[in-house]
Amino acid sequence: MISRPKGTNDLLPDNIWRWQKLEQLIREECARFNYHEIRTPIFEETGLFQRGLGEATDIVEKEMYTFDDKGGRSMTLRPEGTASVVRAYIENNLQGTGLPVKLYYLGPMFRYERPQAGRYRQFHQFGVECFGSSEPSLDAEVIVLAYSIYTKLGAKNVQLKLNSIGCPNCRPKYLEKLKEALKERRDSLCDNCRKRSETNPLRVLDCKEKDCQPAIAELPRITDYLCDECRDHYGKVKSILKLWNVEYVEDSRLVRGLDYYTKTVFEFLVESLGAQNAVGGGGRYDGLVEEIGGEPTPAVGFAMGIERTILAVGDSWQKDPDVDLYIVAIGDTKDAALTQLKLARDHGLKAEMDHLNRSVKAQFKQANRLNAKYCLILGPDELANNLVKLRNMQDGEEIQLSLNDWLGGIK
Ligand code: HAM
């Protein structure tokens, strides 16, 4: 027996309705915010992610599913959506469709990580990317779109963390100070942090090792080094969030795992999820479009982990009944049942009947199992008089109706 690959999931009918519910809400919310769907390939040239996400990120260093295709080109299963959407934005000249360009996507992503609860090798993201404006109102809009979805899902315990990590004007000065401080504390850091101190010092701030925390707590804070433009931008993002009643917590250690961010970064956390508690995150990336070969274009975006979001809130949701109507055929009434089944479906009802020659008792049991709201009962004597019975499965009440008019009875 061949099993599914480690870190992947089969989405089965008893859970997939949660996915569909979330996807429907996402599409409705995106329409309200004027974001439009884009679908890009699941694999891209490897160089796109190397250049886009940063060579010294965990994703590019060790988590990409990279392979040579039969033509000898290096390809990679997308580990996230932003780089692909930026590539598509440039390649399809989307700036010509009117700025800002507001896009969203839903689909599988692939990262070769150590699987655990909430962390998979194939997982799914909903993401939005907004191109062409550096206005803080769009940083706030992306945040409030995510916030609105979490709220509508009934998530009460989602915390929004917010930070600004500066721009190419102010960050180098901070990085210098950070490197100095890291050098002084080298002995108190784990091996990974020591390496990161050289290759990607910002990432040290994100280290989860307990022993590193005292040293990390003493490191300089990026928010103390922001240039006037970045400080002003950050202040405006915060004031718009306040205007829209979005609660947030500032965290000057929040840096995110990808190198393309400038200014605003944020994450949504659900403590009860344990180690993998980030249900979404994003930020501004004003340099990425140019980095990937386009005109300088400010941009901001966000992505939500679908699996983690469902783990966090999905248990409180109510499933809709599988069927509105179950047709119970007594005795030799199967042909009549088939006719009524088609009629019911043609009129938009979710309808089902027995296909296993079950006894009448077993047919009612099956109707209950499917949570049917009504049973249409066809008996030979009634049918001979053009009559049927309709049973309300909630209160058990039965009424007799004409064979030609039972649909009206349901309505
Ligand atoms: P990210 O923080 O790497 O950001 O991923 C976003 C979300 O995807 C995470 O918060 C988490 O919920 C989910 N996620 C990530 N890795 C896994 C995994 N292995 N298993 C399950 N869920 C996972 C990005 O990907 C950026 N592209 C977001 C963005 C869009 N920034 C700007 N625009």
Side-chain angles (χ1 to χ4, degrees), residues 5-9 11 19 22 35 38 40 44 48-49 52-54 57-60 62-65 77-89 101-131 138-139 141-143 145-146 149-150 155 158-161 163 165 203 206 254-270 273-289 291-292 297-313:
K6 206 170 151 187
T8 66
N9 293 298
L11 297 173
W19 286 65
L22 175 53
Y35 282 74
I38 180 167
T40 61
E44 298 270 1
L48 173 67
F49 302 116
L53 315 191
T57 55
D58 281 350
I59 296 182
V60 171
K62 47 192 185 204
E63 294 171 1
M64 296 209 299
Y65 276 92
L77 300 185
R78 62 181 185 195
E80 58 104 59
T82 310
S84 307
V85 173
V86 169
R87 198 254 325 122
Y89 173 83
V101 175
K102 295 164 60 164
L103 304 170
Y104 83 90
Y105 51 90
L106 262 164
M109 308 290 160
F110 306 85
R111 296 184 192 176
Y112 193 81
E113 294 196 78
R114 202 162 38 79
Q116 62 182 84
R119 188 163 72 193
Y120 311 103
R121 289 182 175 169
Q122 175 173 338
F123 61 98
H124 296 74
Q125 283 185 348
F126 150 59
V128 303
E129 314 293 352
C130 176
F131 297 94
L138 287 172
D139 304 52
E141 176 176 276
V142 162
I143 292 173
L145 167 55
I149 292 174
Y150 291 122
V158 178
Q159 188 188 47
L160 167 61
K161 282 199 174 169
N163 192 20
I165 58 168
R203 301 284 309 136
D206 198 33
L254 178 69
V255 289
R256 311 265 307 125
L258 300 145
D259 281 356
Y260 48 62
Y261 293 109
T262 51
K263 298 193 171 119
T264 316
V265 289
F266 57 91
E267 251 167 25
F268 288 93
L269 305 170
V270 174
L273 284 181
Q276 303 307 317
N277 62 359
V279 290
R284 179 162 280 285
Y285 51 95
D286 289 343
L288 185 59
V289 178
E291 177 71 36
I292 288 180
T297 307
V300 59
F302 153 85
M304 164 189 289
I306 301 287
E307 284 84 352
R308 285 186 202 172
T309 300
I310 289 176
L311 277 176
V313 294

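The analysis underlying the following values was restricted to heavy atoms, covering all of them including side chains, and did not include hydrogens, waters or symmetry mates. Both counts, for ligands and for their atoms, begin at 1 and track the order of listing. Here, residue 1 is the first one in the sequence, and each next residue gets the next number.
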- Which residue owns the protein heavy atom closest to atom 12 (O) of ligand 1, what's the atom, and how far is it? Ala278 O, 2.8 Å
- Measure Met109 to ligand 1 on non-hydrogen atoms and call it side chain, backbone, both or neither using the 4.0 Å cut-off. neither
- Message: With the threshold set at under 4.0 angstrom, would you say Ala299 reaches ligand 1 through any of its heavy atoms?
- Response: no
- To which protein heavy atom is atom 18 (C) of ligand 1 closest, and what is the distance rounded to 0.1 Å? Phe123 CD2, 3.4 Å
- Under 3.5 Å between some N or O of ligand 1 and some N or O of Met304? no
- Query: What part of Leu258, side chain, backbone, both or neither, has a heavy atom within less than 4.0 angstrom of ligand 1?
  - Reply: side chain
- Query: Quick one: does Asn277's side chain have a donor or acceptor within less than 3.5 Å of a partner on Leu269's backbone?
  - Reply: no
- Counting heavy atoms only, which of Phe302, Tyr105, Tyr261, Tyr285 comes nearest to atom 31 (N) of ligand 1? Tyr261
- Task: From the options Glu80, Gln116, Arg119, Glu267, select the one whose nearest heavy atom is closest to atom 27 (N) of ligand 1.
- Result: Glu80
- Message: Between ligand 1 and Glu307, is the shortest N or O to N or O distance under 3.5 Å?
- Response: no
- Taking atom 20 (N) of ligand 1 as the reference point, the nearest protein heavy atom with its distance: Tyr120 N, 3.0 Å
- Item | Identity and distance of the protein heavy atom lying nearest atom 4 (O) of ligand 1 | Arg256 NH2, 2.9 Å
- Is any side-chain N of the basic residue among Arg111 and Glu80 closer than 4.0 Å to the acidic one's carboxylate O? no
- Query: In terms of residue, atom name and distance, what is the protein heavy atom nearest to atom 13 (C) of ligand 1?
  - Reply: Gly305 CA, 3.6 Å
- Item | Pairing residues for Lys6 by the side-chain contact (heavy atoms from CB on, under 4.5 Å) criterion, not counting sequence neighbours | Pro115, Arg121
- Query: Which protein non-hydrogen atom lies closest to atom 21 (C) of ligand 1, naming both residue and atom, and how far is it?
  - Reply: Gly118 O, 3.3 Å
- Just need the protein heavy atom nearest to atom 26 (C) of ligand 1, so name the residue and atom and give the distance. Tyr260 OH, 3.3 Å
- ligand 1 versus Arg111, non-hydrogen atoms closer than 4.0 Å: side chain, backbone, both, neither? side chain
- Message: For ligand 1, which is the ligand I care about here, please tell me if Glu113 has any N or O atom under 3.5 Å from one of the ligand's N or O atoms.
- Response: yes
- With heavy atoms under 4.0 Å as the rule, classify the contact between Glu129 and ligand 1 as side chain, backbone, both or neither. side chain
- Message: If the contact criterion is a heavy-atom separation under 4.0 Å, does Gly280 count as touching ligand 1?
- Response: yes
- Selected option - heavy-atom contact closest to atom 6 (C) of ligand 1, from Gln276, Arg308, Gln125: Gln125
- Item | Proximity flag His124 to ligand 1, non-hydrogen atoms under 4.0 Å | no
